[in-house]
Amino acid sequence: MVRGIRGATCITADEEQQILQETAALAREMAEQNGLEPEEIVSVIISTTTDISSGFPAKAVRTMDGWEYVPVMCTHEMDVPGSLPLCIRLLMHANTTKTQQEIRHIYKNEAVRLRPDLAGAAAEKEEAR
């Protein structure tokens, strides 16, 4: 079964090092929290808000150990007035036996505001462990 796993984070400035660091940290946490190895990841789509242009977040994923063959693509998020700035979103497709309710979606930093319902659910699941 292929499942989609959502994740998002925000950076504080449009700087390549922040883009790479936060993207890699998010991808790692998404995989770890869902018990995934790179071989089980079908693909990753990364979107950024249009105020991020100093680097390719896909580079962070492609250069992680074991992730070099995971297909990764970047795109820009819709530029909607009032939307959360400096935001990086990931949609990870993975082969897993987990149900949709068992999937842990990861929201970090200011991106918790995007889906407080899922961010809180992930924290509750972690406490239950």
Side-chain angles (χ1 to χ4, degrees):
M1 175 72 64
V2 175
R3 296 278 184 210
I5 305 166
R6 285 289 318 265
T9 191
C10 291
I11 55 177
T12 58
D14 180 26
E15 299 170 350
E16 183 180 29
Q17 192 57 38
Q18 273 196 55
I19 294 166
L20 298 175
Q21 184 176 348
E22 290 299 321
T23 302
L26 179 59
R28 263 191 223 94
E29 186 170 348
M30 290 170 68
E32 287 171 7
Q33 290 293 318
N34 288 286
L36 298 170
E37 295 296 325
E39 185 66 29
E40 297 167 308
I41 299 170
V42 176
S43 63
V44 179
I45 298 172
I46 304 171
S47 70
T48 66
T49 48
T50 57
D51 51 3
I52 297 176
S53 61
S54 294
F56 292 103
K59 179 180 177 182
V61 176
R62 283 194 293 268
T63 58
M64 291 167 39
D65 284 342
W67 290 65
E68 48 276 329
Y69 298 111
V70 174
V72 183
M73 186 176 78
C74 291
T75 188
H76 271 303
E77 193 69 30
M78 291 176 53
D79 191 15
V80 176
S83 62
L84 189 61
L86 296 170
C87 189
I88 301 168
R89 294 171 171 89
L90 271 71
L91 177 58
M92 184 180 290
H93 301 98
N95 291 309
T96 181
T97 59
K98 291 181 184 266
T99 65
Q100 285 186 332
Q101 293 77 18
E102 293 172 317
I103 294 293
R104 291 185 176 181
H105 304 280
I106 308 297
Y107 292 85
K108 301 169 62 102
N109 304 323
E110 289 297 311
V112 170
R113 295 180 8 204
L114 294 172
R115 289 297 304 265
D117 57 324
L118 293 180
E124 289 170 12
K125 288 178 186 177
E126 185 64 27
E127 288 173 11
R129 289 169 87 195

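- Judged purely by atom type and a 3.5 angstrom limit, E110 has no side-chain atom pairing as donor or acceptor with the backbone of L84.
- Partners of S53 according to the side chain to side chain contact (heavy atoms under 4.5 Å, CB included) rule, which considers only residues two or more places apart in sequence or in another chain, are D14.
- T96 and E40 are not linked by any side-chain donor-acceptor pair at a separation below 3.5 angstrom, with hydrogens and angles left out of the test.
- For the pair I19 and K59, the minimum side-chain heavy-atom distance is 4.5 Å or more.
- Residue M73 shares its hydrophobic cluster (ILVMFWY side chains chained together at separations under 4.5 Å) with no other residue.
- Cluster membership for M92 and M64, using ILVMFWY side-chain heavy atoms within less than 4.5 angstrom, is shared.
- Considering all non-hydrogen atoms of both residues, V72 and A58 come closest at CG1-CB, 3.3 Å.
- Ion pairing between E29 and K108 holds under the 4.0 Å rule for side-chain N and carboxylate O.
- Between the side chains of E22 and N109, at least one donor N or O sits under 3.5 Å from an acceptor N or O.
- Not a single donor-acceptor pair under 3.5 Å links the side chain of N95 to the backbone N or O of V2.
- Here CG of N34 is found 6.5 Å from CD1 of I106. Values are rounded to the nearest 0.5 Å.
- When the side chains of ILVMFWY residues are joined at heavy-atom separations under 4.5 Å, either directly or via intervening members, V61 and L91 end up in two distinct hydrophobic clusters.
- Closest heavy-atom contact between A27 and W67: O-CH2, 3.9 Å.
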Practice item. For the pair S54 and E15, evaluate side chain to side chain contact (heavy atoms under 4.5 Å, CB included) and give the outcome as yes or no after the intermediate values. Key: CA-CA 6 Å; S54 294; E15 299 170 350; 5.7 Å; no

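- P57 pairs with exactly one of T48, T9, I52 by the side-chain contact (heavy atoms from CB on, under 4.5 Å) rule, that one being T48.
- At a threshold of 4.5 Å between non-hydrogen side-chain atoms, the residues T23 and I46 count as touching.
- To the nearest 0.5 angstrom, I45 atom CD1 is 13.5 Å from R89 atom CZ.
- Counting heavy-atom neighbours within 6.0 Å of E39 CD, excluding the residue itself, gives a total of 12 or less.
- Side-chain contact of H76 with S47: a donor-acceptor pair under 3.5 Å is absent, judged by distance alone.
- The minimum heavy-atom distance linking T97 with E102 is given by the pair O-OE1, 4.4 Å.
- In the hydrophobic clustering of ILVMFWY residues, with side-chain heavy atoms under 4.5 Å counting as a link, V70 and L20 come out apart.
- The shortest heavy-atom contact between I5 and M30 is O-CE, 3.3 Å.
- Atom CG in L86 sits 5.5 Å away from atom OG1 in T49 (nearest 0.5 Å).
- Remark: the backbone N or O of R6 is paired with a side-chain donor or acceptor of H105 at under 3.5 angstrom.
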Practice item. Starting from the C-alpha separation in whole Å, work towards a yes-or-no answer on side-chain hydrogen bond (donor to acceptor under 3.5 Å, both in side chains) for E77 and S83. Key: CA-CA 10 Å; E77 193 69 30; S83 62; over 6 Å; no

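- Nearest heavy-atom pair across A8 and C87 is CB-SG, 4.4 Å.
- The nearest pair of heavy atoms linking G66 to P38 is O-CB, 3.1 Å.
- Put simply, the side chain of Q100 reaches to within 4.5 Å of the side chain of R3, judged on heavy atoms.
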